[in-house]
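For reference, the structure is listed below as structure tokens.
Treat the numbers as computed from the prediction; the structure is a model and nothing was measured. Residues take their numbers from the sequence shown, with the count starting at 1.
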Amino acid sequence: MTSEIKFDITLDENKVPESLKWTAKDGGVEDQETKAIMLSVWDSKAKESLRIDLWTKDMPVDEMKVFFHQTLVAMADTFQRATTDDKMADTMRDFCDYFAEKLELKS
């Protein structure tokens with residue numbers, strides 16, 4: 001069994017993303033518009049992560065800040081599930097709270 005996740009990126013003449021869409025049919029998503037994508041993959045031979053970070057030129061900065069915060073929180077949760085290192089996951093969450101406070105994302 002295989003599953004496919006697909007990203008369609010429309011670029012302007014300067015190769016800056018104008019629109020981003022993604023499809024994950026197994027998840028019930030087809031041609032869903034988005035404003036930003038962060039994708040990390042692990043190269044086990046080189047022992048390094050490879051990244052694709054894209055956002056459209058009309059992605060609002062305030063939404064980008066929220067997107068980063070939510071991504072950091074999700075990374076802390078994933079780190080805890082993947083490593084069972086509760087202490088470090090809590091430390092990461094403390095940073096997420098600090099990040100949100102400094103950006104005035106939480107009231």
Side-chain angles (χ1 to χ4, degrees):
M1 179 178 191
T2 64
S3 183
E4 180 178 79
I5 299 171
K6 178 180 159 188
F7 297 98
D8 289 308
I9 298 104
T10 302
L11 305 174
D12 69 9
E13 62 279 352
N14 296 313
K15 298 187 179 180
V16 175
E18 285 190 317
S19 72
L20 303 169
K21 291 183 182 179
W22 68 291
T23 297
K25 290 183 181 179
D26 290 352
V29 177
E30 190 156 355
D31 288 328
Q32 178 71 43
E33 287 193 38
T34 188
K35 295 286 182 190
I37 297 168
M38 290 183 175
L39 177 67
S40 295
V41 296
W42 180 247
D43 181 334
S44 62
K45 288 181 183 176
K47 302 289 189 231
E48 64 184 12
S49 61
L50 307 172
R51 301 188 43 80
I52 298 172
D53 299 321
L54 299 172
W55 58 93
T56 60
K57 53 187 170 185
D58 66 340
M59 171 77 170
V61 172
D62 61 328
E63 288 183 22
M64 182 62 88
K65 291 176 181 180
V66 173
F67 177 53
F68 263 83
H69 178 255
Q70 290 179 2
T71 300
L72 291 169
V73 170
M75 287 176 68
D77 294 343
T78 301
F79 180 83
Q80 184 176 28
R81 283 193 318 273
T83 65
T84 67
D85 187 336
D86 296 340
K87 186 176 179 181
M88 186 52 71
D90 288 341
T91 300
M92 292 172 70
R93 288 187 191 96
D94 287 344
F95 172 76
C96 292
D97 290 341
Y98 173 80
F99 185 90
E101 179 185 324
K102 291 299 179 185
L103 291 178
E104 300 178 351
L105 299 179
K106 292 183 178 178
S107 51

Nearest 0.5 Å please: distance from the [atom1] atom of [X] over to the [atom2] atom of [Y].
X    : Y    : atom1 : atom2 : result
W55  : T34  : CH2   : OG1   : 13.5 Å
E101 : C96  : CD    : SG    : 13.0 Å
L105 : L103 : CG    : CG    : 5.0 Å
D31  : K21  : CG    : NZ    : 5.5 Å
E18  : E13  : CD    : CD    : 7.0 Å
I52  : F7   : CD1   : CZ    : 8.0 Å

Just wondering, do [Y] and [X] contact through their side chains at under 4.5 Å, heavy atoms?
X   : Y   : value
F95 : T91 : no
F79 : D85 : yes
M59 : F67 : yes
S49 : D43 : no
K57 : D12 : yes

Inset, instruction - List the steps and the verdict of side chain to side chain contact (heavy atoms under 4.5 Å, CB included) for E33 and W22. - result: CA-CA 7 Å; E33 287 193 38; W22 68 291; over 6 Å; no

Inset, instruction - Report the C-alpha distance between Q80 and D86 in whole Å, list the side-chain angles of each, state the deciding distance to 0.1 Å, and finish with yes or no for side chain to side chain contact (heavy atoms under 4.5 Å, CB included). - result: CA-CA 6 Å; Q80 184 176 28; D86 296 340; 2.7 Å; yes

ILVMFWY cluster, [X] and [Y] together (side-chain gap under 4.5 Å):
X   : Y   : value
M75 : L50 : no
L20 : V66 : no
L54 : M38 : no

Legend entry - Least distance between heavy atoms, S19 atom then T56 atom: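 Scanning both residues, the minimum pair turns out to be CA-CG2, 3.8 Å.
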
Legend entry - Taking every non-hydrogen atom, the tightest pair across A89 and A76: CB-O, 3.8 Å

Inset, instruction - Please lay out, stage by stage, how E4 and K25 fare under the test side chain to side chain contact (heavy atoms under 4.5 Å, CB included). - result: CA-CA 7 Å; E4 180 178 79; K25 290 183 181 179; over 6 Å; no

Legend entry - With R93, the side-chain contact (heavy atoms from CB on, under 4.5 Å) member among L72, D77, V73: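 Going through L72, D77, V73 one by one, the side-chain contact (heavy atoms from CB on, under 4.5 Å) with R93 is satisfied by D77 alone.
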
